[in-house]
Number of protein chains: 2
Amino acid sequence: MSVQERKQRERADRERLIVAAARELAEQQGWDAVTTRRLAERIEYSQPVLYSHFRGKREIIGAVALEGATEMAAALRAATAAASTAAGGPRARVTALARAYLDFAESHPAVYDALFQLDGGLAYAQEDTPAPLKDAFAALLECLGEVAGEGVHPEMFTETFWAALHGLATLSRAGRQPREFMEQRVELVVDRLAAV
Amino acid sequence: MSVQERKQRERADRERLIVAAARELAEQQGWDAVTTRRLAERIEYSQPVLYSHFRGKREIIGAVALEGATEMAAALRAATAAASTAAGGPRARVTALARAYLDFAESHPAVYDALFQLDGGLAYAQEDTPAPLKDAFAALLECLGEVAGEGVHPEMFTETFWAALHGLATLSRAGRQPREFMEQRVELVVDRLAAV
DNA sequence: CTCGATTGTCTAGCGATGCTAGGATCGAAT
DNA sequence: ATTCGATCCTAGCATCGCTAGACAATCGAG
């Protein structure tokens, strides 16, 4: 049985290699540059190998998205935790969360696109939503739930706050809003939306 | 000179035809279905004709975006005006604006994509930004400027409010947020963000 | 009215895309 | 040693955005 196990392990390794290569290529040159041919070349296999792991390019995007969701959740939790121990109130935590979210979007644009801009074939906001996505939302909810305000549904509040952050992230990154007032916009969102 | 004028008129007509066909095709089957071949077939000309009017597909998207910006500005102004005459205060006007914005995004997804999701090669938030885009932002500003609150820069406030709407529009349309609480999210954004 | 020149349009084709069929090759099991 | 199944690659398909070059229609000068 050891032979089969080795093969499975090698297969899993190669799958991770594909996802890592796709992500790296996307971060370097954008998702448009992630073609199946280039990707195959980077992993030093032929094109059809990709299709023995994934249905197609869309599923590769989805895999990068799932990986990214886990990292984003960790980044958000780390930021809020740091703001908590730094003797900040809920207000400081929410600010830290917002900044961490926007920083992540800014510094990992390809991952952010895979998550929220492109179609990775993933289910969002449903029962069959993959765990990493649910967890990323949970990370938002953990911090934002406590500032939803009286009688305001925490999930709904989190969705709204998230939408505001998403709008800021995408519009500024696409050059549709000037970057210079970004910090003020973030503060405005936190000040007004959060009930503190 | 009449002959040249006629030719110019026909050329302008055909350009409008291209833009209209692109928009129609995009609304019907999404922008992915808008290929230069299909577009050429719809206008009953060959492919290269498109390139005598536009540099490429990107510019066609840009043209649809500009057309859409004018319509969006009109829709937003109509909504706020209606809310004004209906004896509503600033609060009612802002709510009407938000609903009109989201309605537009929902009912003209292809135009909304051309404006804010795809690359139409247009300059945003700059001096050389095309007038229709500036005007659409102005339509937002006219309504939102009066609820920015004390000491808050109206433009910056408008950008922030717009980002929130954009986030709601895109996330719900991509199925990343459930549609059922949409109305509550809009009210939350209006209630909290606007200083009334 | 005739005849180059210009303008306008089309056919055909280029390189690249995502994806797949079919053959070759390699290793495990008999 | 030989079969047989899994694994992988070469080659190719249809389609994409875009363009070169041929062809026809139109215009202005003689």
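What you see is a predicted model; the values in this text were computed from it and never measured. Computation of the quantities below employed the complete heavy-atom set of this structure, encompassing side-chain atoms and omitting hydrogens, waters and symmetry-equivalent molecules.
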Selected nucleotide, minimal atom distance to B:Pro48 side chain, candidates C:dT20, D:dC18, D:dT19: D:dT19
Counting just side-chain N and O atoms, does A:Ser46 come under 4.0 Å of either OP1 or OP2 of D:dC8? no
Take atom CD1 of A:Ile18 and atom P of D:dC8, then tell me their distance rounded to the nearest Å. 10 Å
When you measure only distances, ignoring hydrogens and angles, does the side chain of B:Gln47 come within 3.5 Å of the base of D:dC18 through a donor and an acceptor? yes
Hey, does the side chain of A:Arg38 come within less than 4.0 Å of C:dT17's phosphate (OP1/OP2), counting only N and O? yes
Please check if the number of heavy atoms outside B:Asp32 that lie under 6.0 Å from its CG is greater than 12. no
Would you indicate, yes or no, if D:dA14 has its OP1 or OP2 atom less than 4.0 angstrom from a side-chain nitrogen or oxygen of B:Arg37? no
Row check, B:Phe116 ring normal vs A:Arg176 NZ/CZ: under 6.0 Å, within 45°: no
For B:Asp32 and for A:Arg14, find the nucleotide of DNA chain D with the closest heavy atom, then tell me which residue's nucleotide is more 5'. A:Arg14
Start at the 5' end of DNA chain D and walk down; is the nucleotide closest to B:Thr35 or to A:Ser52 reached first? A:Ser52
Can you see if the side chain of A:Thr36 gets near the phosphate of C:dC19 - specifically, an N or O under 4.0 Å from OP1 or OP2? no
Parallel, tilted or perpendicular: which fits the ring planes of A:Tyr112 and A:Tyr101, with parallel below 30° and perpendicular above 60°? perpendicular
Would a distance-only check, ignoring hydrogens and angles, find a side-chain to backbone donor-acceptor pair under 3.5 Å from A:Lys57 to A:Val34? yes
